[in-house]
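First comes the structure, then the notes that go with it.
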Amino acid sequence: MEKSGQRKKRRSATDRQVRHMLDERRKLLAMLMKISRLAHHGPGEPGATVLEKFCELVVDYTAAGHFGLYQRITQGTERRSRVADLATRVYPPIEKTTQLALDFSERYKIDGEHGRPGRLERDLSRLGEALTTRMELEDQLIAAMLEQAPARPARSEEHTSELQSHVR
């Protein structure tokens, strides 16, 4: 009975971590679309305040995954072999997207390089592509962690087309 209680407790914690990360993802996507429209269609580039808020969301979203959802994986304490095997495959590319996202955040939050014409739009496009990849991989991992069927491809395609239409 105790094992069942521990399992329920872990599952509840995982559910909370997933909800938190998905909430951060939703906020990030909304801001990405807003800032992409401003960078692509607006008169000049987005203001420093908008860009700073976006950079904060980038960091919050990556942190929600790394310090919440992926912690068992990075510490090697994930017991389910299906999840651990999948994590071995998807975590390295997720880590690469983390570095790209953090580099973007550092560049635009601290250096303010957004004053260079065209650079922000190009960097947003690159970031949008990386985030699309990350979200597709995260969806696979989330499905395994929550012991669900793998995420439907249409869901990932939805992320991809939504991001690409706003980032380009």
Side-chain angles (χ1 to χ4, degrees), residues 13-74 87 89-146 148 151-168:
T14 299
D15 288 348
R16 279 192 309 277
Q17 291 166 343
V18 166
R19 280 194 307 273
H20 175 68
M21 189 185 74
L22 292 177
D23 185 50
E24 293 298 323
R25 178 193 287 187
R26 190 173 47 258
K27 291 176 193 174
L28 177 66
L29 287 173
M31 182 62 89
L32 176 60
M33 288 180 220
K34 177 181 178 178
I35 204 165
S36 294
R37 280 191 302 271
L38 291 172
H40 186 69
H41 301 294
E45 300 207 344
T49 305
V50 172
L51 201 51
E52 185 171 334
K53 176 67 176 164
F54 177 69
C55 290
E56 289 171 9
L57 287 171
V58 168
V59 172
D60 291 348
Y61 172 63
T62 56
H66 284 282
F67 298 113
L69 194 61
Y70 308 136
Q71 198 162 17
R72 284 196 317 259
I73 294 164
T74 58
R89 289 191 316 270
V90 303
Y91 192 72
I94 287 174
E95 184 62 29
K96 287 180 185 177
T97 67
T98 297
Q99 193 55 54
L100 189 128
L102 294 177
D103 289 348
F104 177 95
S105 180
E106 294 233 352
R107 180 180 307 119
Y108 287 97
K109 186 175 181 180
I110 297 171
D111 296 340
E113 288 187 28
H114 60 281
R116 295 171 63 185
R119 179 163 185 155
L120 177 61
E121 193 171 347
R122 183 182 72 237
D123 288 348
L124 280 170
S125 178
R126 231 176 118 208
L127 178 63
E129 290 172 13
L131 290 173
T132 298
T133 298
R134 180 189 186 101
M135 290 173 195
E136 290 171 351
L137 296 170
E138 283 175 345
D139 286 346
Q140 292 174 32
L141 193 55
I142 288 168
M145 291 180 92
L146 298 177
Q148 300 170 346
R152 297 178 336 200
R155 189 173 181 192
S156 296
E157 289 169 10
E158 207 173 275
H159 290 304
T160 303
S161 63
E162 190 175 334
L163 277 173
Q164 289 175 347
S165 69
H166 290 285
V167 175
R168 289 188 177 155

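Below, each value reflects all heavy atoms present in this structure, side chains not excepted, and no hydrogens, waters or symmetry copies. The first residue of the sequence shown is numbered 1, and numbering continues consecutively from there.
Salt-bridge formation is not detected for the pair Arg107/Asp103: no Lys NZ or Arg NE/NH1/NH2 atom is positioned less than 4.0 Å from an Asp or Glu carboxylate oxygen. Ionic pairing of Asp23 and Arg26 is present here: one or more N-O contacts between side-chain nitrogen and carboxylate oxygen are shorter than 4.0 angstrom. A salt bridge between Lys27 and Glu24 is present, with a side-chain N of the basic residue lying under 4.0 Å from a carboxylate O of the acidic one.
Annotation: Tyr91 is in aromatic contact with His66 [ring centroid separation under 6.0 Å].
Counting heavy atoms from C-beta on, the side chains of Val50 and Met31 come closer than 4.5 Å.
One N or O on the side chain of Thr132 and one on the backbone of Gly128 form a donor-acceptor pair closer than 3.5 Å.
Here the OG1 atom belonging to Thr62 is positioned 8.0 Å from the CZ atom belonging to Phe67, to the nearest 0.5 angstrom. Distance check, rounded to the nearest 0.5 Å: CD of Gln17 to CD of Gln71 gives 7.5 Å. Rounding to the nearest 0.5 Å gives a distance of 15.0 Å between CG of Leu29 and NZ of Lys34.
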Using side chain to side chain contact (heavy atoms under 4.5 Å, CB included), reason through Met145 and Val18 one step at a time and then give a plain yes or no. CA-CA 9 Å; Met145 291 180 92; Val18 166; 5.7 Å; no
Residue pair Val58, Tyr108: steps toward the side chain to side chain contact (heavy atoms under 4.5 Å, CB included) verdict: CA-CA 11 Å; Val58 168; Tyr108 287 97; over 6 Å; no
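Using modelled atom types and a 3.5 Å distance limit, the side chains of Arg134 and Thr98 yield a donor-acceptor pair. With hydrogens and angles left out, the side-chain atoms of Tyr70 and Glu95 include no donor and acceptor closer than 3.5 Å.
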